[in-house]
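Here the structure comes first, spelled out in structure tokens, and everything after it is commentary.
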Amino acid sequence: MTKAKKVYTVSPIPGRGMALIATTAIPVGKRIIGEKPVVSLTDGEKIADKAHLFTNCAMSLANSYPDHPDVVGIFYTNCIGRPGSDRISDLCVRISRANHSCRPSAMYSWNDSLQKEVLYAVRPIWEGDEITVEYNAHTDDFDADRQHLFDTWGFQCDCRMCMEATPSYKEMYNRYPSVIEDIL
């Protein structure tokens, strides 16, 4: 079995931190990254008890919670909630490099058979484009969603949809979850 060619690189983007950048065109549905979590946490577990699992790479991730110890803030800033009854959250270092957009180019999903978090393209991504995900689920309140991004991750979204914020973009924003469901 040959190893799949990596279709991204990690590079800094001014004002956005480290980011995933496509090194080739990526079609809709293509798996970009399949990654085993560095740390997984179920409800009731404390991240401080798993601090020994953090690698140097994990410690280089963003921390939007400066009032918490580094491992706690880094985990809660970058964790991905895994669907299911066990309420598991995973820290995947490479996938965590995907920045937010209200119109993301990718989405992640837990793959039980691979036991990996998988990042897939949900729209065509061109070589040189930033690969983005959506950090929080859309509601029907555009302004509240933007405020949630600021309160949780400490930034104002500067994606095209938010910057233009015309009624047509707000309509697209509110329709986006149903479009994703159609893809899946």
Side-chain angles (χ1 to χ4, degrees), residues 3-4 6-23 31-102 104-122 125 130-139 144-159 162 180:
K3 189 173 181 180
K6 193 166 94 169
V7 297
Y8 69 92
T9 189
V10 177
S11 298
I13 293 183
R16 292 180 63 81
M18 300 303 284
L20 296 178
I21 307 296
T23 56
R31 182 171 58 188
I32 300 167
I33 300 173
E35 182 176 10
K36 288 191 181 283
V38 173
V39 179
S40 293
L41 191 69
T42 58
D43 277 353
E45 290 184 299
K46 294 183 179 175
I47 192 60
D49 294 339
K50 294 192 172 191
H52 64 283
L53 299 173
F54 273 68
T55 64
N56 287 338
C57 289
M59 291 303 293
S60 71
L61 294 171
N63 180 356
S64 296
Y65 298 89
D67 295 339
H68 290 73
D70 283 346
V71 294
V72 175
I74 289 168
F75 184 82
Y76 288 117
T77 300
N78 297 282
C79 70
I80 299 168
R82 194 187 307 175
S85 60
D86 292 333
R87 306 253 328 143
I88 299 171
S89 295
D90 298 316
L91 178 64
C92 299
V93 174
R94 292 179 296 147
I95 291 175
S96 291
R97 295 295 185 190
N99 288 320
H100 169 81
S101 174
C102 294
S105 56
M107 69 176 291
Y108 41 77
S109 176
W110 179 256
N111 184 309
D112 271 328
S113 62
L114 295 175
Q115 289 295 292
K116 291 182 177 182
E117 195 71 43
V118 180
L119 186 69
Y120 292 97
V122 293
I125 304 169
E130 181 178 7
I131 300 167
T132 58
V133 296
E134 185 178 27
Y135 285 3
N136 54 290
H138 284 315
T139 70
D145 290 348
R146 286 194 52 155
Q147 187 62 48
H148 178 73
L149 287 169
F150 183 77
D151 293 345
T152 305
W153 291 282
F155 69 89
Q156 290 289 336
C157 184
D158 62 358
C159 75
C162 287
I180 293 298

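Throughout, numbering of the chain's residues begins at 1 and tracks the sequence.
How far CD of E45 is from CD1 of I88: 8.5 Å, rounded to the nearest 0.5 Å. Separating the NZ atom in K6 from the OG1 atom in T23 is a distance of 8.0 Å, to the nearest 0.5 Å. Here the CD1 atom belonging to I47 is positioned 8.0 Å from the CG atom belonging to L53, to the nearest 0.5 angstrom. The structure places CD1 of I21 at 5.5 Å from OG of S11, a figure rounded to the nearest 0.5 Å. The distance from atom OH of Y135 to atom OG of S64, rounded to the nearest 0.5 Å, is 8.0 Å.
With N78 contributing its side chain and A62 its backbone, the two residues share a donor-acceptor pair below 3.5 Å. In terms of modelled atom types and a separation under 3.5 Å, the side chain of S105 and the main chain of T132 share a donor-acceptor contact. Side-chain atoms of E117 never come within 3.5 Å of backbone atoms of I80 as a donor-acceptor pair (strictly under, hydrogens ignored).
Within the 4.5 Å cutoff, the side chain of L119 has heavy atoms near those of the L20 side chain. Annotation: side chain of I32 is in contact with side chain of I125 (closest heavy-atom distance under 4.5 Å). Proximity of E134 to M107: side-chain heavy atoms (C-beta onward) are nowhere separated by under 4.5 Å. Contact check for I131 versus I33: no side-chain heavy atoms found under the 4.5 Å cut-off. Within the 4.5 Å cutoff, side-chain heavy atoms of L61 are placed close to those of L91.
Considering all non-hydrogen atoms of both residues, M59 and I74 come closest at O-CD1, 3.6 Å. The shortest non-hydrogen separation linking K50 to S40 is NZ-O, 2.6 Å. Scanning all heavy atoms of the two residues, the minimum distance from G73 to H68 falls at N-CB, 4.0 Å.
Among residues two or more places apart in sequence or in another chain, the side-chain contact (heavy atoms from CB on, under 4.5 Å) test is passed with S89 by F75, C79. In this view, L114 and R31, N111, K116, V118 satisfy the side-chain contact (heavy atoms from CB on, under 4.5 Å) rule, not counting sequence neighbours.
Within the structure, side chain to side chain donor-acceptor pair (under 3.5 Å) pairs that include any residue of residues 91-102 comprise Y8-R94, S60-R97, N99-E130 (at least two apart or interchain).
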